[in-house]
Protein chains: 2
Amino acid sequence: MESEKDSFMFLFASTIKAMFKQSTKLFELHEVGISPEQNYLLSILSSQEESIQSELAEILQKDKSAVMRHIDSLETMGMVVRVSDTIDRRKKHIVITEKGLEVKKRCQELMEESTLRNQKGIPAEEIAIFKKVLMKMRDNASS
Amino acid sequence: MESEKDSFMFLFASTIKAMFKQSTKLFELHEVGISPEQNYLLSILSSQEESIQSELAEILQKDKSAVMRHIDSLETMGMVVRVSDTIDRRKKHIVITEKGLEVKKRCQELMEESTLRNQKGIPAEEIAIFKKVLMKMRDNASS
DNA sequence: TTGAATCGTTGATTTTATCAACTATTTATT
DNA sequence: AATAAATAGTTGATAAAATCAACGATTCAA
């Protein structure tokens, strides 16, 4: 019989929560100095696809002021810098620094390690389907 | 090419975040009076598998005091009552009331509705694999 | 019987997010 | 060209939640 606590949405939520707690601990243990959330921000920035704050806010699904504060703290730590757009002077591009890149790389290694651990015993084709379903659902939920 | 923002963990996190925001809005729109998180609590309680606070804390992966406050507010709304264990007088069983059951039922309908919407266009067998992978990963991440 | 562990509770603190207001700048409308 | 509306970033106030540490009551173990 299926337990109530395994209903789709909550199974989903509790899994990601367990994974996030795991990686938060890992980050603290290895003293990388940032949170998984901030690592996500650095990852986005290093991809150079998006870099202005309002775009980041949309990706992170957070209020722009929340993103603002994350960037503030990353800037204080010297991991990013704000660069004004030359054309539209309202905009500021958030650029990752050398230091930021290093930390991000270190974090990414840790993340891959724990992702690997979490996917242990699961066939690759099932992981592929899993990702496909995730993306489809995200699109459905965002629209 | 795969975008950084679609790396496994963050794709995962952003999907559940979008879904949670969606259901929070839905709950507010229909004025059910509780949050998705509280609905989850009610669901667990109605399954009658677990009912004491320390067990609930473990399932919800929260500090016992956080669970305590959730229950406080549910009790104030008349959706649950605390019943002392007759054998072990430290323990208190959280019991869902008639009112709580009604609200939970209403919430569950809304949740199913939005789950259905989010799973639109995804074959049933892929959903099945998805759930299977979720459970396996949760176990991996929790251990 | 004494000490350790567990359960629920409370207070203090921290973290994080949101909302509203504001400035500066750009874009759209008349 | 002048004015209104929209956008980007910033700040302050506030709210929502979570965590931590400490405590009393109770139970369990040595």
Side-chain angles (χ1 to χ4, degrees), chain A residues 10 13-14 16-25 27-29 33-41 44-45 50-77 80-95, chain B residues 10 13-14 16-25 27-28 33-41 45 50-77 80-95:
Chain A
F10 296 124
S14 68
I16 189 63
K17 183 156 192 177
M19 289 171 65
F20 237 92
K21 284 207 170 187
Q22 187 196 47
S23 57
T24 300
K25 266 189 199 165
F27 278 26
E28 282 166 4
L29 188 70
I34 62 171
S35 67
E37 185 82 23
Q38 288 176 317
N39 171 45
Y40 184 28
L41 236 173
I44 296 169
L45 293 175
E50 284 93 359
S51 66
I52 71 161
Q53 290 181 206
S54 57
E55 288 169 343
L56 297 173
E58 199 182 342
I59 295 172
L60 298 176
Q61 299 170 77
K62 286 193 168 84
D63 189 90
K64 55 185 177 171
S65 53
V67 174
M68 167 87 197
R69 270 132 201 174
H70 275 296
I71 291 173
D72 275 351
S73 88
L74 286 174
E75 196 175 32
T76 304
M77 289 186 278
V80 301
V81 286
R82 281 181 233 252
V83 179
S84 292
D85 187 297
T86 45
I87 300 164
D88 187 338
R89 288 179 331 203
R90 290 171 305 181
K91 296 181 182 173
K92 289 189 181 169
H93 296 270
I94 314 303
V95 180
Chain B
F10 296 122
S14 68
I16 189 64
K17 182 154 192 179
M19 288 171 66
F20 238 92
K21 283 208 171 187
Q22 186 195 48
S23 58
T24 300
K25 266 188 199 167
F27 277 27
E28 280 166 5
I34 61 172
S35 66
E37 186 82 22
Q38 288 176 317
N39 171 44
Y40 184 28
L41 236 174
L45 293 174
E50 284 93 358
S51 68
I52 74 161
Q53 290 181 205
S54 56
E55 290 168 341
L56 297 173
E58 200 183 342
I59 295 173
L60 298 177
Q61 300 171 75
K62 286 190 168 84
D63 191 271
K64 53 187 178 170
S65 53
V67 174
M68 167 88 198
R69 269 132 203 174
H70 274 297
I71 291 173
D72 276 350
S73 88
L74 286 173
E75 195 176 34
T76 304
M77 290 187 277
V80 301
V81 286
R82 287 176 159 98
V83 179
S84 292
D85 189 297
T86 45
I87 298 163
D88 187 338
R89 288 178 329 198
R90 288 171 305 181
K91 296 181 182 173
K92 287 189 182 171
H93 296 269
I94 313 304
V95 181

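This one's a predicted model, so the numbers in the text were calculated from it and none came from an experiment. Order of the sequence lines fixes the chain letters, A, B, ..., with proteins taken first and strands second; residue numbering starts at 1 for each chain.
- Here B:R69 lies in heavy-atom contact (under 4.0 Å) with a base.
- Considering only side-chain N and O atoms, B:Q61 lies nowhere under 4.0 angstrom from the phosphate OP1 or OP2 of D:dA18.
- Looking only at distances, a side-chain donor or acceptor of A:Q61 sits under 3.5 Å from a matching main-chain atom of B:S14.
- If you take CG of A:D85 and P of D:dT7, they are 17 Å apart, rounded to a whole angstrom.
- Using a 4.5 Å heavy-atom cutoff, the side chains of A:D85 and A:I52 are not in contact.
- Checking the phosphate oxygens (OP1, OP2) of D:dA18, a side-chain nitrogen or oxygen of B:K62 falls inside 4.0 Å.
- In this structure, B:D63 places its CG atom 10 Å from C1' of D:dA21, rounding to the nearest Å.
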Pairs under 3.5 Å (N/O, protein and nucleotides 22-28 of chain D):
| from | atom 1 | to | atom 2 | distance (Å) |
| --- | --- | --- | --- | --- |
| D:dT27 | OP1 | B:I87 | O | 3.2 |
| D:dT27 | OP1 | B:R89 | N | 2.9 |

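- Positionally, the nearest nucleotide of DNA chain D for A:Q53 lies more toward the 5' end than for the other of A:K21 and A:Q53.
- Between B:D63 and B:R69 there is no salt bridge, since no side-chain nitrogen of the basic residue lies less than 4.0 Å from a carboxylate oxygen of the acidic one.
- With rounding to the nearest 0.5 Å, the separation of NE2 in A:H93 from CG in A:D88 is 8.5 Å.
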Could you run down the sub-3.5 Å N/O contacts of the protein with nucleotides 2-4 of chain C?
none

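- Rounding to whole angstrom units, CG of residue B:L56 and P of C:dC7 are separated by 12 Å.
- A 4.5 Å side-chain heavy-atom check between A:M77 and A:S73 finds at least one atom pair inside the cut-off.
- To the nearest angstrom, P of C:dT6 lies 20 Å from CE of B:M68.
- Side chain of B:A66, nearest nucleotide from C:dA17, C:dG8, D:dA18: D:dA18.
- Defining each end axis of the helix from C:dT1-D:dA30 to C:dT30-D:dA1 as the rotation carrying four pairs' C1' atoms onto the next four, with five pairs an end, the two axes are found to diverge by 30° to 10 degrees.
- Note on ring orientation: taking the six-membered ring where Trp is involved, the planes of A:F20 and B:F10 are perpendicular (angle over 60°, cut-offs 30° and 60°).
- For the pair B:S65 (side chain) and B:M68 (backbone), a donor-acceptor distance under 3.5 Å is absent.
- Between the side chain of B:E55 and the backbone N or O of B:S51 there is at least one donor-acceptor pair closer than 3.5 Å.
- The NE2 atom of B:H93 sits 9 Å away from the P atom of C:dG8 (whole-angstrom rounding).
- Rounded to a whole Å, the CG atom of A:L74 is 12 Å from the P atom of C:dT16.
- Taking side-chain N and O atoms only, B:S54 has a distance below 4.0 Å to OP1 or OP2 of C:dG8.
- No side-chain donor-acceptor contact under 3.5 Å links B:Q53 to the backbone of B:V67.
- Interatomic distance, A:T86 OG1 to A:K91 NZ, rounded to the nearest 0.5 Å: 11.0 Å.
- Remark: P of C:dT16 and NZ of A:K17 are 13 Å apart, rounded to the nearest angstrom.
- Judged by closest nucleotide on DNA chain C, B:K91 is the one of B:K91 and A:S65 placed further toward the 5' end.
- Put simply, the side chain of A:L60 reaches to within 4.5 Å of the side chain of A:E37, judged on heavy atoms.
- Whole-Å rounding puts the A:F20 CZ to D:dA17 P distance at 18 Å.
- Among the candidates A:V80, A:I94, A:L56, the single residue satisfying the side chain to side chain contact (heavy atoms under 4.5 Å, CB included) test with A:L41 is A:L56.
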